[in-house]
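Input: a single structure, listed below in structure tokens.
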2 protein chains.
Amino acid sequence: MSDPNTRPNSRIQRQNREVILEAALDVFSAHGFRGATLDQIAAAAGLSKPNVLYYFASKEAIHLDLLSGLMDSWLAPLRALDPAGDPMEEILDYVRRKIEMSRDYPRESRLFANEILQGAPRMAEAIEGELKSLVDEKAAVIRGWGAEGRIAAVDPHHLIFSIWALTQHYADFDVQVRAVLGPGHDPFAEAGQFLEGLFTRLLAPATGQMPEA
Amino acid sequence: MSDPNTRPNSRIQRQNREVILEAALDVFSAHGFRGATLDQIAAAAGLSKPNVLYYFASKEAIHLDLLSGLMDSWLAPLRALDPAGDPMEEILDYVRRKIEMSRDYPRESRLFANEILQGAPRMAEAIEGELKSLVDEKAAVIRGWGAEGRIAAVDPHHLIFSIWALTQHYADFDVQVRAVLGPGHDPFAEAGQFLEGLFTRLLAPATGQMPEA
DNA sequence: CCTGAGACTGACCGTTTGGTCAAACATCAA
DNA sequence: TTGATGTTTGACCAAACGGTCAGTCTCAGG
């Protein structure tokens, strides 16, 4: 007995687990947990269904594996927000990192969105724990910047929500964005420019000084 | 044979169809199309499963009925944007109407989000037709306002996307918002205030004149 | 060559799911 | 009361689903 679920030792085990997770990300992000089937995942992975279940105990185990790996990388951009840096540049950098994530990892964004939409039944503790405490920590930093007059004094929690909403929208609602814009557009490039302007205007300190055009 | 699917005549038919649609909205918005079952819908409606199928031809027919009724009410707030009104006030009113919709009709918002997330398989034509043409029309109006210097000249399509993203976020990601804010908050009231400030700052004409605090 | 642990599969199982159907029940005008 | 129409249901079905299992194949180490 090799017990691949607890000890992914051999090369072939690591490799196949990787292939399965990749395929499952495709399927789960496109159809949701309930909408995805083991047969779809197995087919996408190029393996038989029993073989998939040889590497993961159940459909839910695959899903949990994806979600648990997701939270860390999802929080990384916010974690990188440096209290010692320049306030405006730190926040704009955060927005840029989030837009890049939406562009480069849209499936992860949709997997996350699917989970939250349905009440986050499998992520409740991570959201109320890890995520909340990180947000509270960074919100305090941003509130401090506002109190010092280094940026406009806006509610930091809702500022963070607005960054999430605006950046993830382009990944989660990709089909709608592309349909409305029509052909010949690069949604993520345009979004990057638009959001840079938006947050620059929003956060410009209210000292009567406008940022140069 | 009464054929309730094409002619909802009698009082009891209209009433039961209504009850079923209401129950289905609950279930579909919470679990997605695939995640919802006819038994759940029937139980929520207080009817037997065969009785539900007496009023609707199939599970998909219920879903389509909900979606088709949704598009109109979903576009209404944008449709009400008046080209002859005051630019800033028109856009702020639009934001207010959208926030109210997120607050009062979160299930509809989540139903919509679920559908778009999964590639809008049953709404593609409505999005590329109705929705796109309305957005293009209103975007032209907003672009005109920008060109006249009555508001800041921002990309009107992405302005509309940002309004969608910011307002719908509070309905679609409700559990996350509440978990992060913690108890003792009214997310929609706070969002209303925050977004009013955000769009006021964003759209203030760049005539060197800052809006009064 | 053999051996044995690891990797893989076809056949199968119990449950759930969307949907059907014949029969029963309700309602009401004639 | 009767009959006709509209409404409701228990029993049932085929397909799809997640998952199991006995057994086969593979292949490196001895």
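Every chain is numbered from 1 and lettered A, B, ... according to where its sequence line falls, protein lines coming before strand lines.
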Heavy-atom contacts, protein to nucleotides 14-23 of chain C, under 4.0 Å, summarised as B (base), S (sugar-phosphate only) or - (none) per nt, yield ---SBBBB--
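Using a 4.0 Å cut-off between a side-chain N of Lys or Arg and a carboxylate O of Asp or Glu, Glu89(A) and Arg96(A) qualify as a salt bridge. A salt bridge does not link Arg110(B) with Glu115(B): none of the charged nitrogens is closer than 4.0 Å to a carboxylate oxygen.
Rounded to whole Å, the distance from CG on Asn16(A) to C1' on dT26(D) is 14 Å. One can place CZ of Arg14(A) at 11 Å from P of dA7(C), the figure rounded to the nearest angstrom. When rounded to the nearest whole Å, the span between CD of Gln15(B) and P of dG6(D) equals 18 Å. Atom P of nucleotide dC8(C) and atom CZ of Phe56(A) are separated by 13 Å, given to the nearest angstrom. Atom C1' of nucleotide dA7(C) and atom CD1 of Ile12(A) are separated by 6 Å, given to the nearest angstrom. In this structure, OH of Tyr54(A) is placed 7 Å from P of dG6(C), rounded to the nearest angstrom. Whole-Å rounding puts the Asn51(A) CG to dT26(D) C1' distance at 13 Å.
Remark: Gln13(A) is in phosphate contact with dA7(C), judged by side-chain N or O atoms under 4.0 Å from OP1 or OP2. Remark: Ser48(A) is in phosphate contact with dT9(C), judged by side-chain N or O atoms under 4.0 Å from OP1 or OP2.
In this structure, the ring of His63(B) has its center no less than 6.0 angstrom from the ring center of Phe56(B). His157(B) and Phe194(A) have their aromatic ring centers separated by at least 6.0 angstrom.
Across all strands, Leu47(B) comes closer than 4.0 Å to no nucleic acid atom at all (heavy-atom distances).
Side-chain contact between Phe28(B) and Ile62(B): present, with at least one pair of heavy atoms (C-beta onward) separated by less than 4.5 Å.
Taking the ring axis of Phe33(B) as reference, the NZ or CZ atom of Arg122(B) stays within 45° of it and closer than 6.0 Å to the ring centre.
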